[in-house]
Protein chains: 2
Amino acid sequence: MPQQKSEHIPRATIQRLAVYVQVLENLQREGTEVISSEPLAKACNVNASQIRKDLAYFGEFGVRGVGYYVKNLIASITSALGVDREWRTVLVGVGNLGKALLNHKEFRLRGFNIVGAFDCDPFKIGEEVSGLEVVCTKRLREMIGDNGAEIGIITTPPERAQRAANHLVEAGINGILNFAPSRITVPDHVNVEYVDFFHHLYALSFNITHPNSK
Amino acid sequence: MPQQKSEHIPRATIQRLAVYVQVLENLQREGTEVISSEPLAKACNVNASQIRKDLAYFGEFGVRGVGYYVKNLIASITSALGVDREWRTVLVGVGNLGKALLNHKEFRLRGFNIVGAFDCDPFKIGEEVSGLEVVCTKRLREMIGDNGAEIGIITTPPERAQRAANHLVEAGINGILNFAPSRITVPDHVNVEYVDFFHHLYALSFNITHPNSK
DNA sequence: TAAGATATGAGAATTATTTCACAAATTTGG
DNA sequence: CCAAATTTGTGAAATAATTCTCATATCTTA
């Protein structure tokens, strides 16, 4: 539906779009049906023209003199982001974090279905977690051939993240969400996102330590 | 020790400094003692002069013709970020995620000590999690007076995040790590960082859907 | 000890992003 | 039905961040 108009879209825009969806969903839950860029911007802590510019990359979703219909805008942004569909994912590294994620029902709710759990620890292989049997990481390739997953989630210790990534890439995955506290190297066509909340604690620490530098 | 030279430091720089530390720590673990900006940049997936520029905000940490001593650089960056000390934190919202974080030993290891757990659910109050007794959120203020925490971690459902934030602010906290999927409003002097890995999944989804737009 | 090789630090140039400002579109009220 | 009030969408201007380039410093080897 909403067609991407120009070629390059700033990464920051994508991040903000995710924020807009979050805020819009909360507004919807509270019963707001229409909102204009000004109050939405306030709620998202950004500039109003920023929002309009971000949306303009994908189309015209507002009504002049009125604002944006919350329901429509959510649909438009999720469509632009490509999250208006199911994404099949597999998880590598069934430790504490891995298990927590496997049991996290929000994944399915948001359309990110975890359809495979892998680990290289013989003691974990065969174990059942949240309805999935833990399979040896070496079998990733054959399993993904079957289940057609496109996104891999890495929850291994840092020293095993690169190996996990290699297996995922070889299995034909094209997106990786890496929770391991280490950088990984992948071919150009594979997208990697890193999640590490200590980075956020570091940012807090810096901002509290240097309150003037805001 | 390393003094901040100029007034404003880009947020992106802070985020990258956290990445540098992560990569440097892994290098150190593997036995690397000296590294120059070029290979470090490759490992961090950034430009080499970016690294040098980022570091230049805080001082001169390298040796011309040689590079950076890994151990020294880690010390310099962690000092610049203010994470070379203990930070006392409190957690609000003892649900699944909250409990997982309370049991996560990495917090203490990294100097972010969780010294209080709060919840407004009467059934949870009094429960013990990871050596901490869950206390009513209303008592945040008096408790923080005692334990001197500076950072609050919010792990409530989205609709209760703002209330948790209000309590934390009132208790004198000046940094908040918000895991709840909603934006919160706080006074200017309070820093907020948001953690939501669905935002990262959205980014992956977008990048996989629009492979040309990279 | 001097020459060659290496790699930082920082100013300049470039590129990217954000914000401003306003024309165009829509609604509302008289 | 027209005028006033909104609010979007977008080109232009301003701001910010990144990358390039090279002088400067250090190390190594003969």
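Just so we're on the same page: letters track the sequence lines, and every chain starts at 1. Please read all numbers here as calculations on a predicted model, not as lab measurements.
Taken to the nearest 0.5 Å, the CZ atom of Phe107(A) stands 11.0 Å off from the OG atom of Ser130(A).
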Donor-acceptor pairs under 3.5 Å, side chain of residues 98-106 of chain A to any protein atom, not counting sequence neighbours: which ones?
unit_1	atom_1	unit_2	atom_2	d
Lys99(A)	NZ	Glu127(A)	OE2	3.4
Asn103(A)	ND2	Lys99(A)	O	3.1
His104(A)	ND1	Glu106(A)	N	3.4
Glu106(A)	OE2	Arg110(A)	NE	3.3

Compile the donor-acceptor pairs under 3.5 Å between side chains in residues 164-182 of chain B and protein atoms, sequence neighbours left out, one pair per line.
unit_1	atom_1	unit_2	atom_2	d
Asn166(B)	OD1	Gln162(B)	NE2	2.8
Asn166(B)	ND2	Gln162(B)	O	3.4
Glu170(B)	OE2	Arg141(B)	NH1	3.1
Asn178(B)	OD1	Ala180(B)	N	2.8
Asn178(B)	ND2	Ser182(B)	O	2.9
Ser182(B)	OG	Pro158(B)	O	3.1

So which protein N/O to nucleotides 24-27 of chain D N/O distances come out below 3.5 Å?
unit_1	atom_1	unit_2	atom_2	d
dT24(D)	O2	Arg64(B)	NH1	2.8
dT26(D)	O4'	Arg64(B)	O	3.2

Short N/O separations, protein against nucleotides 16-18 of chain D, under 3.5 angstrom:
unit_1	atom_1	unit_2	atom_2	d
dT18(D)	OP1	Arg16(B)	NH1	2.9
dT18(D)	OP2	Arg16(B)	NH2	2.8
dT18(D)	OP2	Gln50(B)	NE2	3.2
dT18(D)	O5'	Gln50(B)	OE1	3.4

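Atoms CG (Leu55(A)) and C1' (dT8(D)) sit 10 Å apart, rounded to a whole Å. Whole-Å rounding puts the Arg52(B) CZ to dT21(D) C1' distance at 10 Å.
Looking at the side chain of Ser36(B), the nearest of the listed nucleotides dT8(D), dC20(C), dA7(C) is dA7(C). Closest approach to the Ser49(A) side chain among dT19(C), dT8(D), dA10(C) is made by dT19(C) (side chain taken as heavy atoms from C-beta onward).
With sequence neighbours left out, the side chain to side chain contact (heavy atoms under 4.5 Å, CB included) criterion links Val23(A) to Val19(A), Leu27(A), Leu40(A), Ala43(A), Cys44(A), Arg183(B). The side chain to side chain contact (heavy atoms under 4.5 Å, CB included) check on Asn45(A) picks up nothing, with sequence neighbours excluded.
Remark: Ser37(A) is in phosphate contact with dT8(D), judged by side-chain N or O atoms under 4.0 Å from OP1 or OP2.
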